[in-house]
Amino acid sequence: MKDILTSRFVEEMRRTTANMYRLGWDERNGGNISYMLDENEVKEYLDVKKTIREIPTGFNALPLAGKYFIVTGTGKYFKNVDVDPETNLGVLRIASDGETAQLLWGFKDGGKFTSEFPAHMMSHIARLKVNPENRVVMHSHPTNLLAMNFVHELDEKKLTHTLWEMCTECIVVFPDGVGVLPWMLCGTNSIGEATAEKMKEFRVVVWALHGVYGAGRSLDETFGLIETVEKAAQIYMLTAHLPRLNTIKDEDMVKLAELFKVEYRKDFLNLN
Ligand code: 13P
Ligand code: ZN
């Protein structure tokens, strides 16, 4: 059996959480990640018959039965993942009845998966139906996007349009736009269900006055998605109080979307 600390997936989780922390998106225990793993790859590092303990999921995750995930722990700091992955991360499998998570590695101090586990697992279920290659769900508190929540209308079309206007390639990176949920109590099954409902349509979902959810095929892709939305929000926050002299036109966004052959939300543009 190979040392799990040398695995690609632990290495990627260490790097990604460190980057997110460095960018100031994930203060204290803010943010969480779940990353679906391939069983054969997990078997190179762990005896998958050896469950350390069972943790109730708190909802029925039956569509994910038998699936493996590496997940950040609740109350754990992204800042600390790199120095102590075995305490701050866990590898688990969803049991055949979908009611428990079988811990195979990690959460060494007796900890458990993120309090946002329902939102993560329900979002995986929703995204896998849209794209069977989806592997990652990521939650974060990016500074500028959060700041923008306080001064910009939280209407999906208006918010997406403003973000698309801020960087030339935004419409190419998130052509499906940005979904928005009103402020809701986090860590609940209700916010999980609402997030998953939005994830049927969007790969980026803003939790009003809290943060953002992103989904994608890899950690890199999902990180890049949130990074691009955050960059657009940063440009907005740097310029919102200044007179706007120039802007990227809707007709130009259409040209970009056509050049890069992306399916975009035409109803989020104002075309004649
Ligand atoms: P956890 O520490 O439980 O992952 O919660 C952090 C967070 O961002 C809640 O939304
Ligand atoms: Zn949060």
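All ligand and atom numbering here is 1-based and tracks the order in the structure. Computed from a predicted structure; not experimentally measured.
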Let me know which of Arg15, Arg14, Lys76 forms a salt bridge (Lys or Arg N to Asp or Glu O under 4.0 Å) with Asp82. Arg14
Note: Lys200-Glu197 ion pair, threshold 4.0 Å (strictly below): yes
Where the closest heavy atom to atom 10 (O) of ligand 1 is concerned, which of Glu116, Lys76, Lys112 has it? Glu116
Within a distance under 4.0 Å of any heavy atom of Gly31, pick out the atoms of ligand 1 and give their elements. 4 (O), 6 (C), 7 (C), 8 (O)
Judging by distance only, is a nitrogen or oxygen of Cys186 under 3.5 angstrom from one on ligand 1? no
Side chain proximity check, Leu64 to Phe69, heavy atoms < 4.5 angstrom: yes
Side chains of Ile4 and Glu86, heavy atoms from C-beta outward: is any pair under 4.5 Å? no
Please identify which atoms of ligand 1 are closer than 4.0 Å to at least one heavy atom of His210. 10 (O)
Between Tyr213 and His139, does the ring centre distance come in under 6.0 Å? yes
Could you please compute the angle at the Zn ion (ligand 2) from NE2 of His141 to NE2 of His139, rounded to 10°? 100°
Looking only at protein heavy atoms, what sits closest to atom 6 (C) of ligand 1 is Asn29 O, 3.3 Å
Is a side-chain N or O of Asn131 found less than 3.5 angstrom from the main chain of Arg127, in a donor-acceptor match? no
What's the atom name of the N, O or S in His210 nearest to the Zn ion (ligand 2)? NE2
Among Ala119, Ser115, Gly211, closest by heavy atom to atom 5 (O) of ligand 1 is Ser115
Taking the ring centre of each residue, are Trp25 and Phe223 less than 6.0 Å apart? yes
Can a donor-acceptor pair be found, under 3.5 Å and without considering hydrogens, that links the side chain of Ser140 to the backbone of Gly31? no
Nitrogen or oxygen of Gly30 less than 3.5 angstrom from that of ligand 1: no
Atom 4 (O) of ligand 1: the protein heavy-atom neighbour that sits closest, reported with distance to 0.1 Å: Thr114 OG1, 2.7 Å
Out of all atoms in ligand 1, which are within 4.0 Å of some heavy atom of Gly75? Include the element for each. 1 (P), 2 (O), 3 (O)
According to the interplanar angle, ranging from 0 to 90°, do the rings of Trp164 and Tyr264 count as parallel (below 30°), tilted (30 to 60°) or perpendicular (above 60°)? perpendicular
Element-labelled atoms of ligand 1 that are located less than 4.0 Å from some non-hydrogen atom of His139: 8 (O), 10 (O)
Is it the case that ligand 1 has an N or O less than 3.5 angstrom from some N or O of Thr74? yes
Taking Glu227 first and then Lys231, would you say they form a salt bridge - that is, a charged N and a carboxylate O separated by under 4.0 Å? no
Distance from atom 7 (C) of ligand 1 to nearest protein heavy atom, with residue and atom: Asn32 ND2, 3.5 Å
For His141, counting its heavy atoms only, list the atoms of ligand 1 lying under 4.0 Å from any of them. 8 (O)
